[in-house]
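So the structure is just underneath, and the comments pick up after that.
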Amino acid sequence: QVQLVESGGGLVQAGGSLRLSCAASPRTSRPDFMSWFRKGPGKEREFVAVSSGSGGNLSYSASVKGRFTISIDNAENTVYLQMNSLKPEDTAVYYCAAGAGGLLTRAEDYYAWGQGTQVTVSS
């Protein structure tokens with residue numbers, strides 16, 4: 001069973017940037033899709049971004065499109081989320097997830113999750 005380990009969260013001022021990482025193990029594991037979700041204070045878990053395992057197909061939620069970039073390093077079996085122009089409303093616990101298909105913006109369609117990493121954006 002695939003294990004996901006996230007890192008890179010922290011505190012940043014509005015307008016700043018952070019890069020989140022999620023390493024999948026074992027390294028021979030190659031999920032068909034890798035995604036990022038987030039859960040803000042008092043909010044439901046929401047979809048942020050998804051990438052096919054090859055990195056060839058990418059999709060973003062409207063709230064982050066143009067500011068966030070998802071990418072995959074196949075050699076390291078790691079997915080990244082580059083977050084630029086951060087806003088206070090981006091404050092949340094960010095989770096990476098592995099999926100095989102289905103409605104990929106829905107959390108129920110993913111079979112493995114990371115532990116989450118906190119991102120806090122100050123105004």
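Side chains are part of it too, since the values below use all heavy atoms of this structure and drop only hydrogens, waters and symmetry mates.
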L18/L86 under side chain to side chain contact (heavy atoms under 4.5 Å, CB included): CA gap, chis, key distance, verdict: CA-CA 8 Å; L18 284 174; L86 283 163; 4.3 Å; yes

Audit row: T117, V93, side chain to side chain contact (heavy atoms under 4.5 Å, CB included) steps and yes/no: CA-CA 5 Å; T117 184; V93 178; over 6 Å; no

Criterion side chain to side chain contact (heavy atoms under 4.5 Å, CB included) on M83 and S17, from CA distance to verdict: CA-CA 5 Å; M83 305 184 294; S17 299; over 6 Å; no

Side chain to side chain contact (heavy atoms under 4.5 Å, CB included) evaluation trace for F68 with S61: CA-CA 10 Å; F68 292 9; S61 68; over 6 Å; no

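S59 contributes atom OG, which lies 9.0 Å from atom CG of L104 (distance to the nearest 0.5 angstrom). Of the inter-residue distances, the one linking S122 atom OG with Q13 atom CD reads 5.0 Å to the nearest 0.5 angstrom. We find the CD-CG distance between Q118 and L11 to be 8.0 Å, quoted to the nearest 0.5 Å. One distance of note links CD1 of I72 with OG of S51; it measures 3.5 Å at 0.5 Å rounding. For the atom pair C96 SG and L81 CG, the distance stands at 10.0 Å (nearest 0.5 Å). Atoms CD and OG, from E89 and S63 in turn, are 9.0 Å apart once rounded to the nearest 0.5 Å.
Closest non-hydrogen pair, Y111 versus V2, comes out as CE1-CG1, 3.5 Å. Taking both residues in full, the closest heavy atoms of Y60 and T69 are given as OH-CA, 3.4 Å, listed atom of the first, atom of the second, then distance. Of all non-hydrogen atoms in S123 and A14, the two that sit nearest each other are CA-CB, 4.4 Å.
Grouping the Ile, Leu, Val, Met, Phe, Trp and Tyr side chains by contacts below 4.5 angstrom, directly or via other members, places F47 apart from Y80. The cluster map of Ile, Leu, Val, Met, Phe, Trp and Tyr, joined by side-chain heavy atoms under 4.5 Å apart, puts L4 and V119 in the same cluster. Residues I70 and Y94 share a hydrophobic cluster, clusters being chains of Ile/Leu/Val/Met/Phe/Trp/Tyr side chains in contact below 4.5 Å.
Aromatic ring centres of F37 and Y110: separated by under 6.0 Å.
Around CD of Q3, the count of heavy atoms belonging to other residues, nucleotides or ligands within 6.0 Å does not exceed 12.
Side-chain atoms of D73 and T78 form no donor-acceptor pair, as typed in the model, at a separation below 3.5 Å.
Between Y95 and W113, the ring planes are perpendicular. Angles over 60° get that label, and only those under 30° would be called parallel.
Between the side chain of R45 and the main chain of R38, no donor-acceptor pair closer than 3.5 Å is present. A donor-acceptor pair under 3.5 Å links the side-chain atoms of N77 to the main chain of S29, judged by distance alone. Here the side chain of T91 pairs a donor or acceptor atom with the backbone of V121 at under 3.5 angstrom. In terms of modelled atom types and a separation under 3.5 Å, the side chain of S52 and the main chain of N57 share a donor-acceptor contact. Panel note: side chain S54, backbone G56; a donor-acceptor pair is recorded below 3.5 Å. E6 places a side-chain N or O within 3.5 Å of a backbone atom of Q115 that can act as its donor or acceptor partner.
Salt-bridge annotation for R106 and D109: present, with a side-chain N of the basic residue lying under 4.0 Å from a carboxylate O of the acidic one. Salt bridge annotation for E44-K39: absent, with no cationic side-chain nitrogen under 4.0 angstrom from a carboxylate oxygen.
Qualifying salt bridge (charged side-chain N to carboxylate O under 4.0 Å, His left out) partners for R19, counting only residues two or more places apart in sequence or in other chains: none.
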